[in-house]
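Here is the structure we will look at.
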Amino acid sequence: MNEKQLQYDTAILGGGPAGVAAAISAARNGAKTILIERYGFLGGMSTIALVYPWMTFHSAAGEQVIRGIAQEIVDRLMAVGASPGHLRDTIGFVHTLTPYHPEMYKVVVQEMLQEAGADVLLHSSATGVKTEESRISSVMLQHKSGITELKAKVFVDATGDGDVAYMAGAPWEQGNADNKVQPMTMKFRMRGVELDKVKRYMQQNPQQFYKKSMIAELDELPLTGVMGFYSKWQEADLPIEREGVLFFTGPNEDEVLINVSRVSGLDPTKIEDLTKAEIEGRRQVLLLERFFQERIPGFEQAKVSAVGTQIGIRETRRIIGNYVLSGEDVLDGRRFDDVIARSGYPIDIHNPEGKGVTANFIREGGAYDIPYRSIVPLQISNLLLAGRCISTTHEAQATTRLTPSCMAIGQAAGAAAALAARYGCAAIDVPIRELQERLLKGGAELGTEEGARIS
């Protein structure tokens, strides 16, 4: 690689699940591809923020609506003992969830990228974008070797925050009607948990848990997630705007991932706010460790074993595209002629201004389509979007932001970028039917055949 300038067909910015899927997809579709990641490892929120488990590959009715590269990743993890595959969600919020080992995930996806022929550049951050009329001509990268100019025919913004699109001048919006975003969460793991004690307490006190919890089936099903302990949370009266406890089991037998901390009222795109959030999130982790040890059965001897490298971010910029996917589209299970991905995850909005989560479920336990136009931003002709920054409303973003959805979107963005590079056309002019054919050939689920069901 020339340290001063790089030249590719497709350049993917951001090495989270969406970016990884995009890079694999672009390379498999014949494009000379590079993936840029600012940390020293891949995985995005799944690794740097301990987002776990993946939710969900299925609709509420049990139909698998996400396959392709996302499912390949799960299969590869299962093959090395790093995931049990799709399991029932014992909280009952979604049909399935997918536990995985994050350290093995980092290695597996790196191997898949190498097999596909994609280059990877770690420890590199996009610091500027050069445009010519409506096209990005290059992205400036900052790293240990200095500054490199990255040129490409087509770029994919998989940064999560829409950084590349923002720097290129694409229109964007953020948050709810008051521009306030969902709260951030510092996730952490605890080991030394006696899950049998947790299960017994749930069976003896079912009223203390989420109404859909599958407590009656815990003798047959593995315990995968817990939402509740409401009275114990209320008695503790911690200065955290939650209404109860939420954690997921694994990846080790005595381990759980705790999703309880909440940092509200800050903007993750403002460095001062992000700094405050990191500090507050880690303070909350120590409060929560003591709370679990003192009040939650099964946690008496448990200790914090890992904390996110950074705080988890649910929502920042949404880049405005050629179609803005709405909450109504999601809840109605709308179909689109230019479908490039599907999702069955409900609308799940953590209150930007206090306690509570608003959950709205898709009609008849179904799924909705994500249209190609929602990953094509306005004003920039050679840019595609992948991940939580795609063109949606605040409500719809609360489902498209989930990891399996982002993987499916990433696969589509990578294939589309390869086609745009091959034909020398604008992203909006990529032939939809050919794109869909390539996605189907790559195993993606577009709702054209009946999906498999999991009991």
Side-chain angles (χ1 to χ4, degrees), residues 18 45 51 55-61 63 65-66 89 92-95 160-162 165 170-185 210 212 264 267-268 312-378 385-409 412-413 445-447:
M45 289 289 118
V51 172
M55 301 168 67
T56 173
F57 284 68
H58 293 77
S59 69
E63 178 186 7
V65 296
I66 295 174
D89 171 22
F93 187 74
V94 292
H95 193 77
D161 299 325
W172 59 282
E173 55 190 4
Q174 183 169 296
N176 60 15
D178 296 321
N179 299 317
K180 294 183 178 180
V181 299
Q182 295 190 58
M184 292 172 269
T185 293
Y210 180 61
K212 293 185 179 181
S264 303
D267 181 350
I313 297 172
R314 294 183 174 89
E315 179 184 17
T316 52
R317 302 183 191 100
R318 304 186 310 275
I319 308 304
I320 300 173
N322 283 261
Y323 184 82
V324 180
L325 187 73
S326 71
E328 291 78 9
D329 293 333
V330 169
L331 298 180
D332 288 343
R334 186 170 175 186
R335 306 304 310 272
F336 292 93
D337 289 340
D338 61 338
V339 54
I340 47 83
R342 307 196 74 212
S343 177
Y345 193 83
I347 290 176
D348 173 25
I349 302 176
H350 294 243
N351 185 357
E353 302 183 60
K355 291 185 179 180
V357 175
T358 299
N360 291 299
F361 295 86
I362 301 166
R363 177 173 53 85
E364 298 177 355
Y368 64 92
D369 288 356
I370 299 170
Y372 179 64
R373 290 163 292 160
S374 289
I375 70 170
V376 182
L378 298 177
L385 309 171
R388 69 170 186 262
C389 68
I390 71 167
S391 180
T392 69
T393 63
H394 170 68
E395 292 75 22
Q397 192 268 354
T399 163
T400 58
R401 66 181 174 84
L402 273 293
T403 303
S405 306
C406 290
M407 289 179 178
I409 294 166
E445 177 61 61
L446 301 182

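The first residue of the sequence shown is numbered 1, and numbering continues consecutively from there.
Defined by atom type and a distance below 3.5 Å, a donor-acceptor pair is missing between the side-chain atoms of S326 and R334. E395 and N360 share no donor-acceptor pair across their side chains, judged by distance under 3.5 Å alone.
Using a distance-only test at 3.5 Å, with no hydrogens or angles considered, a donor-acceptor pair links the side chain of R363 to the main chain of D332. Using modelled atom types, one side-chain atom of N176 and one backbone atom of D178 make a donor-acceptor pair closer than 3.5 Å. At least one donor-acceptor pair closer than 3.5 Å links the side chain of D89 to the backbone N or O of V94. Side-chain atoms of R314 come within 3.5 Å of backbone atoms of P183 as a donor-acceptor pair (strictly under, hydrogens ignored).
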Can you give each donor-acceptor pair under 3.5 Å made by side-chain atoms of residues 344-353, sequence neighbours left out, with the distance rounded to 0.1 Å?
from: Y345; atom 1: OH; to: D348; atom 2: OD2; distance (Å): 2.8
from: H350; atom 1: ND1; to: R262; atom 2: NH2; distance (Å): 3.0
from: N351; atom 1: OD1; to: E353; atom 2: N; distance (Å): 2.9
from: N351; atom 1: ND2; to: K355; atom 2: O; distance (Å): 2.9
from: E353; atom 1: OE1; to: K180; atom 2: NZ; distance (Å): 3.3

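Taking the six-membered ring where the residue is Trp, Y323 and F336 present perpendicular rings, their angle passing 60° and hence far from 30°.
Put simply, the side chain of Y368 does not reach to within 4.5 Å of the side chain of D329, judged on heavy atoms. Counting only heavy atoms from C-beta outward, the side chains of V324 and T393 approach each other to under 4.5 Å. With a 4.5 Å cut-off on side-chain heavy atoms, R388 and E315 do not count as touching.
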| task | Could you give me the CA-CA distance, side-chain angles and deciding distance for R401 and T392, then say whether side chain to side chain donor-acceptor pair (under 3.5 Å) is met? | result | CA-CA 10 Å; R401 66 181 174 84; T392 69; over 6 Å; no
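Sparse packing is recorded around CG of D337, with 12 or fewer heavy atoms of other residues, nucleotides or ligands lying under 6.0 Å away.
Residue G387 comes nearest to I409 through the heavy atom pair N-CG2, 3.9 Å, listed as atom of the first residue, atom of the second, then distance.
Atom OG1 in T400 sits 12.0 Å away from atom CD1 in I375 (nearest 0.5 Å).
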